[in-house]
Engineer: 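Next up is a structure, given as structure tokens.
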Amino acid sequence: MSYALRSYEFWLTFYRRTWRGSVATSIVNPVFYLGALGIGLGTLVNKSGTTPDGVEYIAFVAPGVLAATAMQIATNEAMWPVLGSIRWTRGYYAMLATPLQIRHIVFGHQAWMATRVVSSCAVYLAVIAAFGAIHSPLGVLALPACFLIGVAFSAPMAAYSATLENDAAFIVVNRFAVIPMFLFSGTFFPISRLPQVLRWVAYLTPSWHGVDLCRSLTLGRVDWGLAVVHVAYLAALAVTGLVFALRTYRRRLMK
Amino acid sequence: MNAAAELPLVHARGLIKRFDDLVAVDGIDFDVQKGEAFGFLGPNGAGKSSTMRMIGCVSPPSGGTLRVLGLDPVKNGADIRAQLGVVPQEDTLDLELTVRENMLIYGRYFGLGRKVVHERAERLLEFVQLEERLDSKVEPLSGGMKRRLTIARSLINEPDILLLDEPTTGLDPQARHVVWDRLHELKHRGATLLLTTHYMDEAEQLCDRLVVMDKGKIAAEGSPVELIRRYSTREVVELRFAAERPPDDLAARIDGLARRVETLSGRLLLYTDDGDRTAERVHELGVQAQSTLVRRSTLEDVFLHLTGRTLVDE
Ligand SMILES: Nc1ncnc2c1ncn2[C@@H]1O[C@H](COP(=O)(O)OP(=O)(O)O)[C@@H](O)[C@H]1O
Ligand SMILES: [Mg+2]
């Protein structure tokens, strides 16, 4: 494992250059987002008397945005940085010329992506708490949940990125998978409002499992049976993604 | 220990590399001894990089035997790589990071402590004359500086073997000479170098022994001097013509004047042991060449003789 830490250390060094800028955005973004949605839109929703789950809108939407943020950061960290390390900076090849092996390269980078996800989500969670939108001490568990959501997205995405020749597919993935999941898997409104068919599609998306898990934790309304299903689904996706990543990385880098 | 020292550091028999249907390396044999500078000379696509990547344990052989430092690259890849220094054909430096950071990160991959890496980094950057640029970003460095940085970086683990894949391709002549000078210095210190090149002057300058590669096969093996003696003559007379092709009957007319005649686009090469004498006799025949050059034979001539083609496409 200490070998994977060596590749993790590279990513740490690499990001230290853009550290300050990204810390700023990762604090400013949630404040703006939650301010606009929770206070702006939330005022309208609350007045209509039809708030989802019977809580004020910000408490409903904040954990949804939290989970969706974990998904988006994880996916994007597993796109350009992965392809770039193969095609542009060739950083993976530099690692592979040393005692590091494919698995150290994969795990080191995944650990870094998880770090990005968890640190951003921790800031988010603190902002949500400051808005008074966390109703239960169980809300703390939303952070490990975000870690799990992150790996469930970053591992399969990295496995796929390692098979690509150029970045055209990333725009397609973002447009036709990430953004629809962001909008329609329970982030902004309960999926019970969706037509029957789409509801079943939503149940299958990992993002719904992530959103529902985070929301049940911050609202303190955990159905433990369902929570186990969420965790198992996301964990299965993460493990499958890692297994595939080991294969696609090897095929690509050790031809 | 003594017995081990006599084993070749790299040993290949019938080594093959296939990419789907394409045979990139087609059953080659070679041994590299400790302290030797060993070269692979051949044109683009000859299979040089494929061979280097197999030796570097980042590309599994498709067939044959390969041993590096006495170990099997497929089973002991990571152990072998710990003892190798690699200068790949395409740089893998991180342009966003500084020169020092590039050295540090790379040293850490080998599990070296920060203090050790810092010391070695400073010493090695001095060795490749980059000590002034320690804290500048890599991006604005010239091609030659980047190459020297890659060489310094490859030495951070004090490797037993240094693999250099086209160390000076794409550099201007002055930058090439600086790199050659550094590699000479490494040679004098007893390093074992494996290098590929399609520059015959580079092979002549740096290699104790080399193989000429073409289309995945080894066409000849020996020291530069041996190869020239075996496959060429001492001297060459080059007749240059303004026209794309020399006059048709010319080759036949001068046939008797040289041991061998090669016709290339715009020039004729006459292989002979006494260049001046041959040039004189060509002039006596009244041949109207635009210019006449008498020179020593090079590895380029060896390659031409073995394959009928020039090393670098004309
Ligand atoms: N990863 C690869 N996939 C498919 N073909 C390859 C790959 N690498 C090299 N080749 C092919 O193998 C042959 C030898 O290439 P290479 O070893 O790079 O030659 P050289 O380094 O002498 O120019 C070429 O025809 C090249 O196109
Ligand atoms: Mg090559």
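Chain A is the first sequence line, chain B the second, and so forth, proteins listed ahead of strands; every chain is numbered from 1.
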Engineer: So for atom CZ, which belongs to B:Phe127, do other residues, nucleotides or ligands contribute more than 12 heavy atoms lying within a distance under 6.0 Å?
Structural biologist: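 For B:Phe127, atom CZ is crowded (more than 12 foreign heavy atoms under 6.0 Å).
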Engineer: Is B:Ser62 close to chain A through its backbone or its side chain, or both, or neither, when contacts mean heavy atoms under 4.5 Å?
Structural biologist: neither
Engineer: Without hydrogens or angle criteria, can the side chains of B:Thr168 and B:Glu202 be said to hold a donor-acceptor pair below 3.5 Å?
Structural biologist: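 Side-chain D/A pair, B:Thr168 to B:Glu202: present.
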Engineer: Would you say the side-chain atoms of A:Ser85 and A:Tyr93 include a donor-acceptor pair closer than 3.5 Å?
Structural biologist: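 Distance-only check fails for A:Ser85 and A:Tyr93.
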Engineer: Which answer fits B:Leu97, side chain, backbone, both or neither, if we ask what part of it has an atom under 4.5 Å from a heavy atom of chain A?
Structural biologist: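 It is both, since atoms from each part get that close.
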Engineer: Classify the side-chain pair B:Ser59/B:Lys17 by whether it contains a donor and acceptor separated by less than 3.5 Å.
Structural biologist: yes
Engineer: Select one option (side chain, backbone, both, neither) describing which atoms of B:Glu101 are under 4.5 Å from chain A's heavy atoms.
Structural biologist: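 The side chain, not the backbone.
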Engineer: Where on B:Gln83 is there a heavy atom nearer than 4.5 Å to chain A: the side chain, the backbone, both, or neither?
Structural biologist: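 Answer is neither: B:Gln83 stays 4.5 Å or more from chain A.
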Engineer: With a 4.5 angstrom heavy-atom cut-off, which part of B:Asn157 approaches chain A: side chain, backbone, both or neither?
Structural biologist: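 Neither the backbone nor the side chain of B:Asn157 comes within 4.5 Å of chain A.
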Engineer: With a distance cut-off below 6.0 Å to the six-membered ring centre and an angular limit of 45° from the axis, does A:Arg6 pair with B:Tyr109 as a cation-pi contact?
Structural biologist: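 Not flagged: A:Arg6 not positioned over aromatic ring of B:Tyr109.
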Engineer: Examine whether an atom of B:Val86 lies under 4.5 Å from a heavy atom of chain A, and if so say whether it belongs to the side chain, the backbone or both; otherwise answer neither.
Structural biologist: side chain
Engineer: With a 4.5 angstrom heavy-atom cut-off, which part of A:Leu253 approaches chain B: side chain, backbone, both or neither?
Structural biologist: backbone
Engineer: Considering only heavy atoms and a distance below 4.5 Å, find which of B:Ser154, B:Cys57, B:Gly111 pairs most often with chain A.
Structural biologist: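 Ranked by heavy-atom pairs under 4.5 Å with chain A, first place is B:Gly111.
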Engineer: At a 4.5 Å cut-off on heavy atoms, which part of B:Ile80 comes close to chain A: side chain, backbone, both, or neither?
Structural biologist: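 For B:Ile80, there is no contact with chain A at all, as no heavy atom is under 4.5 Å.
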Engineer: Quick one about A:His109 and A:Tyr92 (side-chain donor to acceptor, distance below 3.5 Å, no hydrogens or angles considered), yes or no?
Structural biologist: yes
Engineer: Under 4.5 Å between any side-chain heavy atoms of A:Thr115 and A:Trp11, yes or no?
Structural biologist: no
